[in-house]
Amino acid sequence: MNPTTETTSARRWPSAGITRVPAWIYSDPAIYRRELDEFFAGDSWSFVGLEAEVPEPGTFKRTWIADRQVIVTRDGDGIHVVENRCSHRGGAIVWKNRGQARTLTCPYHQWAFDLKGGCRGVSLARGVQGEGGMPADFAMKEHDLRKLRVARVGGSIWASFSDRVPAFEDYCGPLAMQRLTRLMPGRPLRLLGQSRQLIPCNWKLYYENNRDPYHGTLLHTFFITFGLYRADSRHATSPQQGGMHSVNVAAPGERKGDGSLTRELKRFKDIRLNDMETVQFADEYGDGEMTAMQLFPGAFIQQHANVLAVRVIVPKGVRETEVDWTYFGYADDDERMQRIRLKQANLLGPSGFVSIDDSELLKQLQRQVEGYPESQAVLEMGGQGVEPQVTMATEVGLRAFYQYYRERLGL
Ligand SMILES: [Fe+2]
């Protein structure tokens with residue numbers, strides 16, 4: 001068979017539509033490149049940090065939007081986000097993840113930029129003893145760092161490479177904004193910690209996992225054992241903005257039925273915790289709810305019991321995904337609440353009692369989908385549509401995402 005024909009036919013989306021996902025999308029390098037350019041570096045907003053991470057003028061933070069590095073700075077005028085890429089030769093200017101600086105100076109030829117990204121100095125611009133140097137018509141102001149659009153909500157900082165993407169609030173839509181400002185209402189935030197992990201899987205497997213409540217009480221035995229997340233509790237899964245984003249809400253204290261369902265689910269029979277504070281949920285917002293929200297393409301904002309976290313997907317290759325976790329609380333939390341948040345943070349992160357299941361599962365899943373690129377996943381739990389559903393026995397979040405995904409990439 002002609003190899004070109006073979007590739008073309010293998011690259012067609014299954015005719016069944018969004019209830020099927022072809023496995024080749026998790027290992028195809030050309031698809032991966034398009035995702036980075038059109039999603040992460042395209043018309044989207046990305047989480048780049050908390051205001052508490054750049055607390056005063058002259059502080060900066062380096063972070064990644066997929067494979068592009070950016071610098072979040074603060075000066076007397078506010079917070080700025082610029083690409084960490086020298087306008088001279090393209091090198092990284094800042095090599096540290098955090099620091100203090102009055103100017104940003106590239107180590108290669110020491111071109112210097114102010115904290116807004118304005119080009120302020122070109123070394124040896126006039127040459128040496130009348131020889132060399134830049135041409136007389138060279139204009140520094142034409143060589144600023146690339147500046148990103150910035151949005152700030154309740155102490156969080158978001159950035160976009162796009163001039164066309166709608167304002168952050170419109171990009172999120174009303175429900176996602178409401179869930180975000182529930183956790184970040186403008187009450188000053190406190191950074192509690194950060195962690196980072198590398199998972200050997202395509203970024204979409206991780207993205208899907210987080211909007212898949214179906215696996216929550218099946219894979220995560222810890223949840224069932226300690227009742228933090230239950231299949232028979234009130235639950236809502238709501239795709240947003242045509243499937244880009246997703247809002248999941250669970251109220252673990254509100255049960256439907258007689259409990260027979262959760263009795264059937266597997267749990268650790270003999271495991272007890274010495275310190276139950278790790279799994280006791282204090283209803284601090286007065287609605288009994290836990291919330292997990294995804295903002296396309298890479299940000300998850302999460303309240304699991306009393307752990308508040310933002311995690312960011314940083315794709316590092318077609319089969320490698322970094323997940324950056326930022327745990328936060330409120331500056332006015334009392335000592336007890338701060339302790340509870342830190343204890344419950346053991347549920348999440350690289351070795352979290354719950355999250356570790358996902359990392360291992362997705363690593364194995366990546367090998368499987370790579371080995372069978374022409375196979376298809378079946379997504380029919382909760383029907384075939386994309387309407388919000390009030391159950392966790394649904395894959396509506398995944399179907400809605402792939403509806404959006406196919407539209408964006410024309411697949
Ligand atoms: Fe999970």
Side-chain angles (χ1 to χ4, degrees), residues 29 32-51 53-152 157-165 168 196 298 312 314-317 322 324:
Y32 175 72
R33 191 62 249 169
R34 287 189 64 198
E35 291 166 349
L36 296 201
D37 294 343
E38 295 183 33
F39 298 162
F40 292 85
D43 295 339
S44 64
W45 285 96
S46 294
F47 176 83
V48 292
L50 299 177
E51 290 179 8
E53 293 181 83
V54 283
E56 55 208 39
T59 52
F60 70 82
K61 173 198 174 178
R62 171 178 68 163
T63 192
W64 275 258
I65 298 175
D67 56 349
R68 299 183 179 209
Q69 294 185 36
V70 299
I71 317 167
V72 182
T73 67
R74 189 194 283 261
D75 66 7
D77 297 327
I79 288 176
H80 315 281
V81 181
V82 297
E83 200 165 18
N84 189 17
R85 184 174 175 278
C86 184
S87 56
H88 176 215
R89 296 286 301 279
I93 298 167
V94 163
W95 290 24
K96 287 194 297 190
N97 286 344
R98 217 171 276 281
Q100 297 194 347
R102 286 171 175 277
T103 49
L104 305 169
T105 303
C106 179
Y108 199 0
H109 304 88
Q110 295 187 14
W111 283 34
F113 304 86
D114 63 32
L115 296 176
K116 294 180 180 67
C119 186
R120 291 289 176 212
V122 170
S123 318
L124 307 182
R126 295 180 186 204
V128 177
Q129 292 169 344
E131 300 288 337
M134 285 301 205
D137 62 354
F138 177 80
M140 276 201 300
K141 64 178 184 327
E142 289 167 16
H143 299 275
D144 292 348
L145 300 181
R146 181 163 178 194
K147 299 166 189 181
L148 281 77
R149 277 171 73 190
V150 178
R152 293 161 66 175
I157 311 167
W158 302 78
S160 177
F161 286 103
S162 169
D163 296 325
R164 293 180 308 187
V165 71
F168 180 73
R196 203 181 274 245
V312 173
V314 185
K316 292 286 182 189
E322 183 179 293
D324 290 355

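Keep in mind that the numbers below use all heavy atoms, side chains included, and drop hydrogens, waters and symmetry copies.
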Do [X] side-chain atoms and [Y] backbone N/O form a donor-acceptor pair below 3.5 Å?
X	Y	result
R74	V54	yes
S87	H143	yes
T73	L115	yes
R68	A41	no
R62	W95	yes
T103	T105	no

### Task
State, yes or no, whether a side-chain contact exists between V165 and W45 at a heavy-atom distance under 4.5 Å.
yes
Which heavy atom of [X] sits nearest to which heavy atom of [Y], and what is that distance?
X	Y	result
S162	G42	CB-O, 3.4 Å
A66	P315	CA-CD, 3.8 Å
D37	R33	OD1-NH2, 2.7 Å
A151	F168	CB-CB, 3.5 Å
L104	A101	CD2-CB, 4.5 Å

Partners passing side chain to side chain donor-acceptor pair (under 3.5 Å) against [X] (at least two apart in sequence or in another chain):
X	answer
Q100	none
D75	H80, K116
R85	none

### Query
Can R120 be said to sit on top of F113's aromatic six-ring, NZ or CZ under 6.0 Å from centre and within 45° of the ring axis?
no
### Rounded distance [0.5 Å steps], SG in C119 versus CG in L145
7.5 Å
### Task
Could you grab the distance from atom CD1 of I93 to atom CG of N84, nearest 0.5 Å is fine?
5.5 Å
### Task
Test D144 against K141 for salt bridge (Lys or Arg N to Asp or Glu O under 4.0 Å), laying out the working first.
CA-CA 6 Å; D144 292 348; K141 64 178 184 327; over 6 Å; no
### Message
Under the side-chain contact (heavy atoms from CB on, under 4.5 Å) test against F47, which residue among I65, V312, D324 passes?
### Response
V312
For residues 122-139, which side-chain N or O atoms pair as donor and acceptor with protein atoms under 3.5 Å away, sequence neighbours left out?
| unit_1 | atom_1 | unit_2 | atom_2 | d |
| --- | --- | --- | --- | --- |
| S123 | OG | H109 | O | 2.8 |
| S123 | OG | Q110 | O | 3.0 |

### Query
Step by step, would you call V70 with K61 a side-chain contact (heavy atoms from CB on, under 4.5 Å)?
CA-CA 8 Å; V70 299; K61 173 198 174 178; over 6 Å; no
### Task
In plain terms, say whether E53 and R98 are close enough for a salt bridge, that is, a side-chain N and a carboxylate O under 4.0 Å apart.
yes
### Worked check of side-chain contact (heavy atoms from CB on, under 4.5 Å) between E83 and F161
CA-CA 9 Å; E83 200 165 18; F161 286 103; 3.9 Å; yes
#### Entry: V94/I71 under side-chain contact (heavy atoms from CB on, under 4.5 Å): CA gap, chis, key distance, verdict
CA-CA 8 Å; V94 163; I71 317 167; 3.7 Å; yes
### Task
With side-chain contact (heavy atoms from CB on, under 4.5 Å) as the test, would you mind laying out the steps for R89 and W111 before giving the verdict?
CA-CA 10 Å; R89 296 286 301 279; W111 283 34; over 6 Å; no
### Message
Run the side chain to side chain contact (heavy atoms under 4.5 Å, CB included) test against V150 and tell me which residues pass, sequence neighbours left out.
### Response
V81, R152, I157
### Task
Using ring pair (Phe, Tyr, Trp, His ring centres under 6.0 Å) as the criterion, list what pairs up with W64, not counting sequence neighbours.
none
